[in-house]
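Hydrogens, waters and symmetry mates play no part in the numbers below; they use all other heavy atoms, side chains included.
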Amino acid sequence: LARAAARVMACAGEPAFRISLAQWSLHRTHGSGELPALDFPARARKLGFEGVEYVNSFFRDQVKDFGWLGELKRRCEAEGVRSLLIMCDGLGALGDANAAARARAIENHWPWLDAAKFLGCHSIRVNAQSSGTWEEQRGRAAEGLQMLTEVAQAYDLNVIVENHGGLSSNGKWLSEVIRTVNLPHCGTLPDFGNFSLGDGKWYDRYNGVRELMPFAKAVSAKSHDFDANGEEKNTDYRKMLRIVLDAGYRGWIGVEYEGGSISEEQGILLTKALLERVREEFASEGG
């Protein structure tokens with residue numbers, strides 16, 4: 001099915017998916033001060049990307065500064081780069097057991113909805129942090145997500161949840177949460193690699209992505225290490241991309257390199273090349 005879908009898209013002059021750059025791929029470069037956040041669109045374009053995914057920690061102090069945000073938007077337009085989403089961390093637990101803390105966490109996300117709308121994004125990415133039993137966390141996370149999504153709907157924005165630690169790295173649990181929320185603007189951002197359950201235990205990444213794809217509004221191609229042939233050592237990209245395409249997904253897939261054995265730019269380009277290679281293989285096989 002993935003190959004057939006890719007062939008159909010290719011015949012129509014459209015790629016089966018487009019490739020964006022997640023800002024976290026350059027977190028060390030940003031953190032060193034070498035790359036100011038305003039220069040991210042130009043760096044992404046230089047590396048061959050036409051879509052970008054922001055991380056809130058790199059411009060937390062500017063979220064309400066629409067002069068600064070306007071300059072970021074202008075630079076995106078000048079580079080021909082599209083703003084896709086903002087990944088939001090450090091804003092409190094949307095599934096906090098304390099109702100007041102949960103409400104504060106929801107309110108902390110509101111400025112990022114304003115920023116995402118201004119920049120032309122389709123989503124903010126959030127976390128489903130909670131505590132308690134499986135059922136308690138599912139209910140609390142769903143309640144917080146539902147309340148935030150009801151606000152986001154007024155902006156015509158999506159609230160999307162990544163498998164990102166705790167029970168959210170369990171695909172079954174997170175899919176249950178999204179079904180419980182049951183709102184069209186609430187979905188997932190499946191990440192190929194974030195399936196650590198702690199204590200050395202891992203959730204099967206392929207099953208996890210398969211469980212999350214029915215709700216996906218973005219996809220994160222996590223990478224860490226590559227072999228001599230340019231293949232990612234931890235994830236079979238062909239198997240994973242078949243799962244993504246077989247789910248009917250035709251949106252952007254974000255490169256998120258997180259390794260340390262090579263430079264960030266090298267890791268980004270190797271991940272991008274791998275995605276392009278598999279996309280081309282799928283389009284040509286059987287054709």
Side-chain angles (χ1 to χ4, degrees), residues 5 16-20 22 24 51-56 82-89 91 93-95 105-106 109-110 112-113 115-117 119-130 137-195 203 205-222 240-241 243-254 256:
F17 56 85
R18 298 185 184 278
I19 305 172
S20 52
W24 187 252
V52 291
E53 303 171 8
Y54 303 106
V55 176
N56 72 329
R82 180 177 172 183
S83 298
L84 300 173
L85 58 92
I86 304 176
M87 299 184 182
C88 297
D89 299 308
L91 301 177
L94 289 173
I106 293 165
H109 285 79
W110 291 354
W112 295 101
L113 289 171
K117 184 66 175 180
L119 292 170
C121 299
H122 61 71
S123 302
I124 62 168
R125 189 278 280 147
V126 304
N127 297 295
Q129 296 156 309
S130 190
Q137 292 194 55
R138 182 182 62 202
R140 291 166 182 162
E143 180 181 336
L145 286 167
Q146 185 175 40
M147 294 174 70
L148 180 58
T149 302
E150 287 172 351
V151 177
Q153 287 176 160
Y155 292 80
D156 194 26
L157 288 171
N158 301 307
V159 172
I160 57 179
V161 189
E162 181 178 357
N163 47 303
H164 205 205
L167 272 179
S168 78
S169 291
N170 183 308
K172 183 177 186 296
W173 180 85
L174 185 51
S175 62
E176 286 182 7
V177 170
I178 302 302
R179 288 192 181 93
T180 302
V181 176
N182 193 31
L183 290 173
H185 284 78
C186 185
T188 60
L189 191 163
D191 182 291
F192 291 177
N194 285 353
F195 287 102
Y203 196 80
R205 65 187 64 205
Y206 305 102
N207 286 339
V209 169
R210 188 177 291 109
E211 288 167 327
L212 299 179
M213 280 310 301
F215 316 100
K217 299 181 185 296
V219 172
S220 184
K222 179 63 61 63
M240 195 67 88
L241 289 170
I243 292 169
V244 169
L245 292 178
D246 285 350
Y249 185 81
R250 299 294 179 269
W252 295 79
I253 296 180
E256 191 172 49

Q) Given the rule in the salt bridge (charged side-chain N to carboxylate O under 4.0 Å, His left out) test, do Arg125 and Asp89 qualify, once you have shown the distances and angles that lead to the verdict? A) CA-CA 9 Å; Arg125 189 278 280 147; Asp89 299 308; 2.8 Å; yes
Q) Does Val177 reach the side chain of Leu167, with side-chain heavy atoms less than 4.5 Å apart? A) no
Q. What is the distance from atom CD of Gln153 to atom NE2 of His185, rounded to the nearest 0.5 Å?
A. 5.5 Å
**Q.** Check: Lys117 side chain, Tyr155 main-chain N or O, donor-acceptor pair, under 3.5 Å
**A.** yes
Q) Under a 4.5 Å cut-off applied to non-hydrogen side-chain atoms, are Val161 and Asn127 in contact? A) no
Q: Nearest 0.5 Å please: distance from the CG atom of Asn194 over to the NZ atom of Lys222.
A: 3.5 Å
Q: Using the salt bridge (Lys or Arg N to Asp or Glu O under 4.0 Å) rule, collect all pairs that involve residues 140-160, keeping only residues at least two apart or in two chains.
A: Arg102-Glu143
(Q) If you compare all heavy atoms of Leu148 against all heavy atoms of Trp110, which two are closest, and at what distance to 0.1 Å? (A) CD1-CD1, 4.1 Å
Q: Please step through side chain to side chain contact (heavy atoms under 4.5 Å, CB included) for the pair Tyr206 and Met240, ending with a clear verdict.
A: CA-CA 6 Å; Tyr206 305 102; Met240 195 67 88; 3.7 Å; yes
Q. For Leu157 and Ser123, which heavy atoms make the closest approach, and how far apart are they?
A. CD2-N, 4.1 Å
Q: Write down the atom of Tyr203, the atom of Gly171, and the distance for their closest heavy-atom approach.
A: CE2-N, 3.3 Å
Q. When rounded to the nearest 0.5 angstrom, what distance separates CG in Leu84 from CD in Glu53?
A. 6.0 Å
Q: Might you point out which heavy atoms bring Leu85 and Ala218 nearest each other, and give the distance in Å?
A: CD2-CB, 3.8 Å
Q) Heavy-atom distance under 4.5 Å between the side chains of Val126 and His109, does that happen here? A) yes
(Q) Quick check: do His164 and Asp191 have side-chain heavy atoms less than 4.5 Å from each other? (A) no
Q. Given the rule in the side chain to side chain contact (heavy atoms under 4.5 Å, CB included) test, do Leu91 and Trp112 qualify, once you have shown the distances and angles that lead to the verdict?
A. CA-CA 10 Å; Leu91 301 177; Trp112 295 101; 3.5 Å; yes
Q.
For a quick test of reading the model, state the closest non-hydrogen atom pair linking Glu256 to Ser220 and the distance between them.
A. OE1-OG, 3.0 Å
Q.
How long is the straight-line distance from CG of Asn163 back to CD of Glu211, given to the nearest 0.5 Å?
A. 10.5 Å
**Q.** Spacing of CZ belonging to Arg205 relative to CZ belonging to Phe192, to within rounding of 0.5 Å
**A.** 10.5 Å
Q.
So does Ala216 get a backbone contact from the side chain of Thr188, meaning a donor-acceptor N/O pair under 3.5 Å?
A. yes
Q.
Determine whether a donor-acceptor pair (N or O, by modelled atom type, separation under 3.5 Å) exists between the side chain of Arg18 and the backbone of Trp252.
A. no
Q.
Quick check: do Phe17 and Arg250 have side-chain heavy atoms less than 4.5 Å from each other?
A. no
Q. Ala247: what forms a side chain to side chain contact (heavy atoms under 4.5 Å, CB included) with it, not counting sequence neighbours?
A. Met213
Q: Kindly indicate whether the side chain of Ile106, heavy atoms from C-beta on, has any atom under 4.5 Å from the side chain of Leu94.
A: yes
**Q.** Heavy-atom side-chain contact between Ile160 and Ile124 under 4.5 Å
**A.** no
Q: Taking the side chain as every heavy atom from C-beta outward, state whether Cys186 and Ile178 have any atom pair closer than 4.5 Å.
A: yes
Q) What heavy-atom pair brings Ser130 and Gly95 nearest, and what distance separates the two atoms? A) OG-O, 2.6 Å
Q: With rounding to the nearest 0.5 Å, note down the distance linking OG1 in Thr180 to CG in Leu145.
A: 10.0 Å
